[in-house]
**Student:** 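Sharing a structure here in structure tokens format.
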Amino acid sequence: MTVSGLSLQTLAILVGSVGALRALQLFLDFRRLLASIHHLPGYRTILAPSTVLGQMFPPTRGLTLGHDHAWISKHTPFAKWGLDIFSSAAFWPKAKGAMFIADANIIKDIAWSRGGRFPKPLGQYKIITFFGENIVASEGDQWKRYRKIVAPAFSERNNRLVWDATIQIMLDLFDTMWAGQDEVVVDHGVDLTLPIALFVIGAAGFGRPISWKDDTVVPPGHQLTFKDALHTVTQDLTIKLLVPKWAMGLTKRFRRTRVAFDELHKYLTEMIHERQGSQHKEENNDLLSSLLSANDDEKLSEGEIKLTDSEVIGNIFIFLVAGHETTAHTFAFAFALLALYPDKQEELYQHIKRVLPDGRIPTYDDMPSLAYSSAVFSETLRMFPPVGIVPKTSAEDTTLTLTDVNGTMKTVVVPQGTGLTFSVPGLHYNPKYWEDPYTFKPERFLGDWNRDAFLPFSSGYRGCVGRKFSETEGAAVLTILMSQYTVSIKDEPQFASETFEKRRARVLDAQSVLTLAPARLPLVFKRRT
Ligand code: HEM
Ligand SMILES: *[C@@H]1O[C@H](CO)[C@@H](O)[C@H](O)[C@H]1NC(C)=O
């Protein structure tokens, strides 16, 4: 044996032993983890579902719960184990336990508990902090400060502004883009709904009115429209997270991502400068002025900490993201459902006609009477919740108590550091709370329903601050559009002979990128005569 051969062999043994020791340690850690959660039934996988790697693969038995597992599986794993909590235990990168929850009482208790007992796992929110620290991806005193700054912008007065801006934007759509057309074909529903939601948040949140015509031209000094920049950024957040800066020039897709991030940053900076230079800044009480006042030394009260420029941009970005895709995707699913179920569409139309018999334009004061419009919006959110999982962690050793499928009281042991994730689809398709959960029944929101089993906006202290904003926008869009147009699925020759079930599955096919989105949704809007 040569000298170098020997050393190679030694090296191999050394590496082998270190590897074996590490594997043994992981195995022992994993056993200890299972014991610590008292072997709560659930998935055993190599990759933790909360890691970027664990999210990259589709659900694969033994490897990872995978991307979108909460949406894909809905309530089925809970039903399988007969309990509205199941566990996930993973080996890698270290032994990690998490629990998924579809029980309304437990979710409510966690969401409303004080004293930092169940904080957000901020590591999982890194993906949305590129433009700066913000209200969604923060905890404790920092979060309190942000929430206090933005809360006044979500007043009753602002909801009225949301309603008026929404109606204006829809009428502008009918009078310009759709003018003179009895039939409008939209190849993918979100091509229509993303701009609607963006224009509403632009107008009502940032005092930045955008018209349908303007939005198609790239302004001087830019390479993309505002809409395209924002859209690409939200689609490509993962690229930005995974690809190092030096590699961003390597492929066309990466370069497109880089341009979109640069462009969006430029737009946001311009928005701030425009407002700072504006004569009317005192009159505005919107989100942008709230954020900017907090960034202005002269406007701070004693003891308040100034928002940095990066915090202003980070928060503007998060409001655009939070208030844009979520609402837009919900509209798209609502149109798909109304198109698939013409009887429900007719019911909505008749309801609107009863509330507005003279055909006048509805105002914010009509909103409480337009209950069926709101019910369609809610039922869509129940069936297609844009945000599928709401993650928390347990800051201490604790227990959770619930009854299983046989009505037996069970106590779940939760060690400190365990991930506690609300499964929104698990809750929304839980037959314990919703009769025929797979059936589109807007009427269920007209009667009595379980408030705690409806979680599209999360709940508790960290619930969505824009909930009323988006419910207002939802009722306005559905009312004005459905009072003047019908919606149907576009007929395409290749699908001419499909069954209703196939058609339904095709048009309702959905995946999450940042939020749940329809895969491909070709629609036709016909003007009512
Ligand atoms: C259908 C539309 C919407 C849905 C489904 C939705 C959903 C949610 C959910 C699930 C959360 C909790 C996220 C978490 O715990 O990580 C949240 C928080 C938030 N949402 Fe919404 N949202 C919608 C519309 C809006 C709108 C229109 C705005 C703003 C104009 C907005 C602004 C926010 C903000 C700022 C937070 C963070 C609140 C905090 O942590 O204090 N959302 N939203
Ligand atoms: C519920 O009861 C059935 C019938 O006795 C049993 O097979 C099942 O394992 C029980 N489920 C749970 C979660 O205990």
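Numbering of ligands and ligand atoms starts at 1, following listing order. As the structure is a computational prediction, the values presented were derived from the model and not from experiment.
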**Student:** Within a distance of under 4.0 Å, is there any protein heavy atom near atom 12 (C) of ligand 2?
**Tutor:** yes

**Student:** Can you confirm whether some protein heavy atom lies under 4.0 Å from atom 5 (O) of ligand 2, or whether none does?
**Tutor:** no

**Student:** Which parts of the protein, at residue level, reach under 4.0 Å of ligand 1 through a heavy atom?
**Tutor:** Lys120, Tyr125, Ile135, Val136, Trp143, Arg147, Phe154, Ile201, Phe319, Ala322, Gly323, Thr326, Thr327, Thr330, Leu381, Pro386, Val387, Val390, Pro456, Phe457, Ser458, Arg462, Gly463, Cys464, Val465, Gly466, Phe469, Ser470

**Student:** Between the candidates Asp404, Val405, Asn406, which shows the shortest non-hydrogen contact distance to atom 8 (C) of ligand 2?
**Tutor:** Asn406

**Student:** Could you tell me which atoms of ligand 2, counted from 1 in the order shown, lie closer than 4.0 angstrom to a heavy atom of Trp81?
**Tutor:** 13 (C)

**Student:** Hey, is Lys306 close enough to Glu311 for a salt bridge, meaning N to O under 4.0 Å?
**Tutor:** no

**Student:** With a 3.5 Å cut-off and no angle check, do the side chains of Asn105 and Asp452 form a donor-acceptor pair?
**Tutor:** no

**Student:** Run Tyr364 and Glu156 through side-chain hydrogen bond (donor to acceptor under 3.5 Å, both in side chains) and show every step you take.
**Tutor:** CA-CA 10 Å; Tyr364 182 62; Glu156 228 2 57; 2.7 Å; yes

**Student:** Less than 3.5 Å apart, which donor and acceptor atoms pair up between the side chains of residues 381-391 and the rest of the protein, not counting sequence neighbours?
**Tutor:**
from, atom 1, to, atom 2, distance (Å)
Arg382, NE, Glu379, OE1, 2.8
Arg382, NH1, His428, O, 2.9
Arg382, NH1, Pro437, O, 2.9
Arg382, NH2, Glu379, OE2, 3.0
Arg382, NH2, Pro437, O, 2.9
Arg382, NH2, Thr439, O, 3.3

**Student:** Evaluate the criterion salt bridge (Lys or Arg N to Asp or Glu O under 4.0 Å) for residue pair Asp365 and Arg160; output intermediate values, then yes/no.
**Tutor:** CA-CA 9 Å; Asp365 297 317; Arg160 199 169 280 277; 3.0 Å; yes

**Student:** Any side-chain donor paired with an acceptor under 3.5 Å for Tyr43 and Arg61?
**Tutor:** no

**Student:** Check whether the side chains of Tyr267 and Glu263 place a donor and an acceptor atom closer than 3.5 Å, and report yes or no.
**Tutor:** no

**Student:** Do the side-chain N and O atoms of Glu325 and Thr515 include a donor-acceptor pair separated by under 3.5 angstrom?
**Tutor:** yes

